[in-house]
Amino acid sequence: MVVGMGKRGMHHASAFQANERFQVVGLCDIDKARLEAAAPKLGHPAIGTDAAALAFQLKPDVFCFCTLPNLRTPLLQAGIAAGAKLIAFEKPVALTSTEAMLLRDLLKKSGTKAVVSHQHRYGIHYRKVKELLVSGALGRVHTVYGTATGWMTHMLSHLIDYARWYAGEPRALWAMAQTAGRGKFTDNHPSPDYIAGVVQFEGDIRGNFESGAGAPDQPDVAKWWGKNRIGAQGTEGFAEVLTNGGWRAVTKSGGYQSGEGAMNYDLDMPPYIQEMADWLDDDQKVHSCCFESAYAGAEILFALQQSAARRGQIALPLTAGADEQVLLRASVPERAVLVSSAVNNKEYGIS
Ligand SMILES: NC(=O)c1ccc[n+]([C@@H]2O[C@H](COP(=O)([O-])OP(=O)(O)OC[C@H]3O[C@@H](n4cnc5c(N)ncnc54)[C@H](O)[C@@H]3O)[C@@H](O)[C@H]2O)c1
């Protein structure tokens, strides 16, 4: 059953329907027109405007919700109450660490499997960078990084997830950050206009992250939302991916290498959905985008925000929840954000 018939809900429902291991049995949206438009495209499953009631009636194996970031807890609870074996939902995990911890605790108590959609990683260019890292061609990896001109609540979750993956999912020890610009606090992905920060991972690995108006342009990439650069540096080279601009690397043994690749939902969703079937069939085949991994990334995201609001370093793992949205609104200065490049002017309302 899929909740939220917006852009991502339609991607998920179509990909479930296209996979022979799944059948879409129910669709939900509070917007009846969207619901009625979606149903014929997905084999006319049951429809409803109340997610909890429909889930309880249908008892789906997989409960998937693709609602905006302000709506997580009630839908996770609806999936658990309906007895779903797996709950799939969209990034970011939550808007606050208090809510993320609640989701973690609810899932732990119920034993329900859960996955969070960081599906860019299935792109051939993302995987090529991972292959180079696993091959050892970069030597000892000491730095991972991610930058996006898109704002925090849209993009930072992706950047941290892929950088952690490239680093081999090390534990994060602490984070420190700064933020600027209040323009995007009223967006449906509420964010400071710019956040930049550092993360210390175990194994002497440094993480550098920037998301928003001040993050560097990637002039090689035309599509604004695809101007994301995620990569790793080691003692013998570097390798990085551009979301809409392929991959490139320089290594001691291989010299300069590069290749094509651009983020594509049609290519990235099928393997993401297939891994859900694999995990449902076999507990050992844990999904690459499992909640546990997404939660470790979310903790970093929240530690960066807490650092910006409260100053200084924030130790990880977090031991107590906070409302980072409130903290940031109380602390980001009124001064307008400064952009890295005029390519960011339009999205940040700068003339
Ligand atoms: N993984 C990715 O690559 C990616 C890309 C874009 C967006 N996203 C994420 O996907 C999520 C959804 O984004 P979107 O662009 O699809 O949003 P959207 O606005 O297009 O769709 C959200 C839908 O949820 C419905 N909805 C709201 N409240 C509901 C409720 N109580 N019950 C049922 N339906 C409800 C809305 O009516 C709407 O149709 C966000 O968290 C966003 O960050 C992820």
Side-chain angles (χ1 to χ4, degrees), residues 1-15 26-39 41-42 45-56 58 60 63-79 82 87-96 99-100 103 115-123 126 146 148 150-162 184 187-191 211 223-226 228 230 241 243-244 262-273 275-276 287-289 291 293-294 297-298 301:
M1 169 175 161
V2 183
V3 183
M5 289 293 101
K7 170 177 143 174
R8 290 296 292 151
M10 287 303 290
H11 290 163
H12 276 80
S14 310
L27 299 175
C28 171
D29 202 295
I30 48 172
D31 180 335
K32 270 195 171 162
R34 276 197 169 176
L35 198 51
E36 282 160 13
K41 296 177 191 152
L42 295 156
I47 57 172
T49 53
D50 180 333
L54 190 65
F56 204 73
L58 297 173
F63 180 85
C64 168
F65 61 94
C66 301
T67 47
L68 290 171
N70 61 348
L71 192 54
R72 296 284 184 263
T73 305
L75 290 176
L76 192 95
Q77 285 170 321
I87 297 177
F89 63 104
E90 264 298 348
K91 48 58 56 175
V93 166
L95 283 178
T96 70
E99 184 170 31
L103 302 180
V115 298
V116 179
S117 190
H118 291 114
Q119 84 293 345
H120 292 193
R121 62 164 71 203
Y122 297 100
Y126 282 74
W151 50 103
M152 180 186 85
T153 301
H154 270 295
M155 297 313 301
L156 192 55
S157 178
H158 281 300
L159 301 180
I160 292 173
D161 193 77
Y162 310 133
K184 293 297 179 195
D187 188 71
N188 63 18
H189 284 68
S191 312
S211 179
K223 185 181 171 188
W224 192 80
W225 284 104
N228 319 318
I230 305 128
V241 65
T243 297
N244 281 63
M263 201 277 279
N264 181 329
Y265 293 114
D266 292 338
L267 298 177
D268 297 344
M269 289 306 286
Y272 174 66
I273 298 290
E275 277 197 40
M276 294 186 208
H287 199 293
S288 311
C289 301
F291 177 84
S293 169
L301 218 154

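One-based numbering, in listed order, for ligands and for the atoms of each. Fair warning: this is a prediction, and the values are worked out from it, not measured in the lab.
Closest of all the heavy-atom pairs between Ala38 and Met10 is CB-SD, 3.6 Å. Closest of all the heavy-atom pairs between Asp187 and His189 is OD2-N, 2.8 Å. Heavy-atom minimum distance, Thr49 versus Cys28: C-SG, 3.8 Å. Between Ala82 and Ala55, the shortest heavy-atom distance links the atoms CB-O, 3.4 Å.
At a 4.0 Å heavy-atom cut-off, ligand 1 touches Val3 through the side chain alone.
Residue, atom and distance of the protein heavy atom nearest to atom 11 (C) of ligand 1 are Thr67 O, 3.4 Å. At the top of the distance list for atom 32 (N) of ligand 1, counting protein heavy atoms only, stands Ile30 CG2, 3.7 Å. Counting only heavy atoms of the protein, atom 13 (O) of ligand 1 lies nearest to Leu68 CD2, 4.0 Å. Looking at atom 21 (O) of ligand 1, its nearest protein heavy atom turns out to be Gly6 CA, 3.3 Å.
In this comparison of Met10, Glu90, Gln119, the heavy atom closest to atom 9 (C) of ligand 1 sits on Glu90. The heavy atom nearest to atom 31 (N) of ligand 1, out of those in Leu54, Leu71, Leu95, Asp29, is found in Leu71. When the heavy-atom distances from atom 14 (P) of ligand 1 to Arg8, Lys91, His11 are ranked, the shortest goes to Arg8.
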For side-chain hydrogen bond (donor to acceptor under 3.5 Å, both in side chains), just list the numbers for Arg121 and Ser288, CA-CA rounded to whole Å, side-chain angles, deciding distance to a tenth of an Å, and then say yes or no.
CA-CA 9 Å; Arg121 62 164 71 203; Ser288 311; 4.6 Å; no

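Near Arg34, with a cut-off below 4.0 Å to any heavy atom, the atoms of ligand 1 are 20 (O), 21 (O), 38 (C), 39 (O). Taking a cut-off of under 4.0 Å to the non-hydrogen atoms of His189, the atoms of ligand 1 that pass are 40 (C), 42 (C), 43 (O). Atoms of ligand 1 found under 4.0 Å from any heavy atom of Ser117, numbered from 1 in the order shown, are 1 (N). Those atoms of ligand 1 that come under 4.0 Å of a heavy atom in Cys66, given as number and element, are 12 (C), 22 (C). Residue-ligand proximity, His158 to ligand 1, at heavy-atom distances under 4.0 Å covers atoms 1 (N), 2 (C), 3 (O). Within the listing of ligand 1, atoms 23 (C), 24 (O), 25 (C), 34 (N) sit less than 4.0 angstrom from a heavy atom of Gly4.
The CG atom of Leu42 sits 5.5 Å away from atom CG of Leu27, with the distance rounded to the nearest 0.5 Å. Taking CZ of Phe65 as the reference point, atom CD1 of Ile87 lies at 7.0 Å (rounded to 0.5 Å). Separating the CG atom in Asp161 from the CD1 atom in Ile230 is a distance of 9.5 Å, to the nearest 0.5 Å.
Ring geometry, Tyr126 versus Tyr162: the interplanar angle exceeds 60°, so the pair is classed perpendicular (tilted spans 30 to 60°). Relative orientation of the Tyr272 and His287 rings is perpendicular, given thresholds of 30° and 60° on the angle between their planes.
Checked options Met155, His118, Gln119; the residue passing with Lys91 is His118 (criterion: side chain to side chain contact (heavy atoms under 4.5 Å, CB included)).
Taking 4.0 Å as the cut-off, Tyr265 counts as a neighbour of ligand 1 on heavy-atom distance. Residue contact check for ligand 1: Ala51 places no non-hydrogen atom closer than 4.0 Å to it. Heavy atoms of Arg72 come nearer than 4.0 angstrom to ligand 1 in at least one pair.
Geometrically, ligand 1 and Lys7 share a nitrogen or oxygen pair separated by less than 3.5 Å.
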